[in-house]
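For reference, positions follow the sequence shown, starting with 1. Side chains included, hydrogens not; waters and symmetry mates left out as well; all remaining heavy atoms used.
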Amino acid sequence: RMNANWENPGIRRKKVVLVMPGGYSPESIDRGMRAFAEFPRICKMKVLEKIKPHVDGPKEAVNDKELMKKCFSLGERLAQS
């Protein structure tokens with residue numbers, strides 16, 4: 001929960017990547033992502049990318065080599081910026 005930090009000026013203009021995995025339907029993932037994206041919007045953070053993999057469980061995501069490669073690449077981008 002980040003509610004206590006929303007006014008912290010130290011997080012303004014920070015770069016973030018939003019990852020919203022889900023398994024019900026693309027529509028439910030989109031609704032979750034819209035809600036999830038509100039915090040960085042309110043805090044004036046910069047969202048570099050949104051990733052919405054459709055997976056049925058955590059092991060399915062881990063076994064998706066392309067998804068993992070993309071996530072690690074985004075982590076490196078964040079670390080360098």
Side-chain angles (χ1 to χ4, degrees):
R1 301 232 358 150
M2 296 292 293
N3 290 343
N5 296 311
W6 78 272
E7 289 186 314
N8 180 346
I11 62 174
R12 283 197 163 87
R13 290 180 291 285
K14 292 283 185 180
K15 296 173 185 167
V16 298
V17 172
L18 302 179
V19 181
M20 176 62 65
Y24 295 109
S25 69
E27 294 81 21
S28 68
I29 299 170
D30 286 338
R31 281 193 301 272
M33 181 60 81
R34 282 194 302 274
F36 191 35
E38 278 301 294
F39 183 79
R41 184 191 66 76
I42 290 166
C43 296
K44 297 175 177 53
M45 300 168 89
K46 181 178 180 174
V47 177
L48 296 179
E49 192 160 340
K50 297 177 183 179
I51 302 174
K52 303 181 289 187
H54 188 267
V55 296
D56 291 319
K59 292 189 183 201
E60 187 177 343
V62 169
N63 292 327
D64 184 336
K65 302 238 186 277
E66 185 146 336
L67 174 62
M68 289 293 102
K69 189 175 183 180
K70 183 175 188 174
C71 288
F72 280 107
S73 172
L74 286 167
E76 288 173 358
R77 255 178 71 195
L78 281 172
Q80 292 173 358
S81 59

* Asked: Does the side chain of V17 reach to within under 4.5 Å of the side chain of L78, using non-hydrogen atoms?
  -> yes
* Asked: What pair of heavy atoms forms the shortest contact from K52 to I29, and how long is it?
  -> CB-CG2, 3.6 Å
* Structure fact -> CD1 of I51 to CE of M33, rounded to nearest 0.5 Å, is 8.0 Å
* Distance (rounded to the nearest 0.5 Å) between D30 CG and F36 CZ -> 14.0 Å
* Asked: Rounded to the nearest 0.5 Å, what separation is found between the CZ atom of R77 and the CG atom of L48?
  -> 5.0 Å
* Which atom of V55 lies closest to which atom of P21, heavy atoms considered -> CG2-CB, 3.9 Å
Distance-only donor-acceptor hits, side chain of residues 38-45, under 3.5 Å, sequence neighbours excluded:
residue, atom, partner, partner atom, Å
E38, OE1, R41, NE, 3.1
E38, OE1, R41, NH2, 2.7
E38, OE2, R41, NE, 3.3

* From K15 atom NZ to L74 atom CG, the distance as rounded to the nearest 0.5 Å -> 12.5 Å
* To do: Measure the spacing between NE2 of H54 and OG of S28 and express it to the nearest 0.5 Å.
  => 6.5 Å
* Structure fact -> The reported gap from CZ in R34 to CE in M20 (rounded to nearest 0.5 angstrom) is 11.0 Å
* To do: Taking all heavy atoms of E60 and all of D56, pick out the closest pair and write down the distance.
  => OE1-N, 2.8 Å
